[in-house]
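Some notes on the structure that comes next.
Quantities reported herein were computed from a predicted structural model and do not represent experimental measurements. All values below were derived from every heavy atom in this structure, side-chain atoms included, with hydrogens, water molecules and symmetry-related copies excluded.
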Amino acid sequence: MNFYVVIALVIVVMILIITNIQIVPQARAFVLERLGTYITTWQTGLHVKTPFIDRVANRVSLKERVLDFPPQPVITKDNVTMKIDTVVYMQITDAKLYTYGVENPMLAIENLSATTLRNIIGELDLDATLTSRDVINTKMRSILDEATDPWGIKVNRVEVKNIMPPEAIREAMEKQMRAERERREKILIAEGQKQSEILVAEGQKQARILEAEAQKQATILHAEAEKEAQIRKAEGEAQAIREVQQATAAGLQMIKDVHIDEAVVKLRSLEALEKAANGQATKIIVPADFQNLAGVVSAVSEIGKK
């Protein structure tokens, strides 16, 4: 009988030990209480608690969580009511503060994010709200992170998921966008026409410049050709004059060589006298040495015979 009692006791002790062995998985934390008082926080690994005295008060996941809250109605600075949908990325950093800090932490974060969003949007008008998502995200993350720090929660980032203005505002915005697109289209068409006219004018200007340059070049070439022709003509005339002068000089040199300078002069005088006598002159002037003309003629005749 005693043997069975011992076996039963051993079995009961083993069951108690086995049931009080706790394995904490990765990215988890267990909050342990003893007689209702916080003792410690178990991290990843194998742990054993005291039976009937210790209990695991909370099992906390340390992974990052995504909290997608329903759209919140907000009013802008210029009294426009709209709904904004936000997403909060949070992570538990302290399991003890998360367990004992606030009742229902998720509901607390949702209400806190709603009130914070209303405060931020209340300082912005409609246009700023639609174009300042980064500002809204940064401000909300900073405020929520500071407020949730005593709860053992770290707010990593906040994203504005969707902004839903009223239907009338959306229609007005669509009309404004259509008008803006039409304005930009007209500006682009006008800019294109202007650029086209500028290019055409530049082409005509360039053509006129090239034509003027060609005419100028042709005029220069024509002037150079005329100048070259005149130079060649002047050189030819000079050459002809030089040849005539050379021939004359050669003739004079020949006359000088035969020593009939005075005789030739007197012969020329006689020829001139003959021409004068054939004309209508009424008077003839006879040179004083006329008696020597016969001798000159004879001399010239002898030269011709030689």
Measure across [X] and [Y] and return the closest heavy-atom pair with its distance rounded to 0.1 Å.
X: R65; Y: I92; answer: NH2-CD1, 3.5 Å
X: D145; Y: V155; answer: OD1-N, 3.3 Å
X: D85; Y: P70; answer: OD1-C, 4.2 Å
X: T76; Y: L124; answer: CB-O, 3.4 Å
X: A95; Y: T41; answer: CB-CG2, 4.0 Å
X: A114; Y: Q72; answer: CB-OE1, 3.5 Å

Any chance [atom1] of [X] has more than 12 other-residue heavy atoms, nucleotides or ligands included, within less than 6.0 Å?
X: Q176; atom1: CD; value: no
X: E146; atom1: CD; value: no
X: E167; atom1: CD; value: yes
X: Q26; atom1: CD; value: no
X: M14; atom1: CE; value: no
X: I53; atom1: CD1; value: yes
X: Q239; atom1: CD; value: yes

Kindly work out whether a path of hydrophobic side-chain contacts (I/L/V/M/F/W/Y, heavy atoms less than 4.5 Å apart) joins [X] to [Y].
X: F52; Y: I17; value: no
X: I23; Y: V48; value: yes
X: L62; Y: V88; value: yes
X: F69; Y: W151; value: yes
X: Y98; Y: I109; value: yes

Would you mind reporting whether [Y] and [X] have side-chain heavy atoms less than 4.5 Å apart?
X: R208; Y: L210; value: no
X: H47; Y: V24; value: yes
X: V80; Y: P166; value: yes
X: K161; Y: T86; value: no
X: N137; Y: R141; value: no
X: L67; Y: M90; value: yes
X: T81; Y: V74; value: no
X: Q43; Y: R28; value: no

Measure from the side-chain N and O atoms of [X] to the backbone N and O of [Y], and report whether any donor-acceptor pair falls under 3.5 Å.
X: T93; Y: K154; result: no
X: S196; Y: G192; result: no
X: Q22; Y: L46; result: no
X: S142; Y: T138; result: no

Atom [atom1] of [X] and atom [atom2] of [Y]: how far apart are they, to the nearest 0.5 Å?
X: M82; Y: T129; atom1: CE; atom2: OG1; answer: 5.0 Å
X: H222; Y: K227; atom1: NE2; atom2: NZ; answer: 14.5 Å
X: I84; Y: R118; atom1: CD1; atom2: CZ; answer: 10.5 Å
X: K96; Y: T40; atom1: NZ; atom2: OG1; answer: 9.5 Å
X: T115; Y: I120; atom1: OG1; atom2: CD1; answer: 9.5 Å
X: E235; Y: E228; atom1: CD; atom2: CD; answer: 7.5 Å

K49 and E33: side chain to side chain contact (heavy atoms under 4.5 Å, CB included), yes or no, with the steps? CA-CA 10 Å; K49 65 183 180 66; E33 292 180 353; over 6 Å; no
In sequence, state the C-alpha distance, the side-chain angles, and the governing distance for S113 and V158, and then conclude on side chain to side chain contact (heavy atoms under 4.5 Å, CB included). CA-CA 9 Å; S113 64; V158 178; over 6 Å; no
Charged N to carboxylate O under 4.0 angstrom, [X] versus [Y]?
X: K77; Y: D125; value: no
X: R183; Y: E180; value: yes
X: E182; Y: K186; value: no
X: R157; Y: E64; value: yes

For L107 and E110: C-alpha separation, side-chain torsions, deciding distance, then whether side chain to side chain contact (heavy atoms under 4.5 Å, CB included) applies. CA-CA 5 Å; L107 180 61; E110 180 180 358; 4.1 Å; yes
Exactly one of I163, D78, T131 should register a side chain to side chain contact (heavy atoms under 4.5 Å, CB included) with L126. Which one does?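 Looking at I163, D78, T131, the match for L126 under the side chain to side chain contact (heavy atoms under 4.5 Å, CB included) is D78.
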From the list I136, T116, I75, side chain to side chain contact (heavy atoms under 4.5 Å, CB included) partner of I121 resolves to I136
List, by chain and number, the other hydrophobic cluster members for Y38, where Ile, Leu, Val, Met, Phe, Trp and Tyr join if side-chain heavy atoms come within less than 4.5 Å, directly or indirectly. V31, Y100
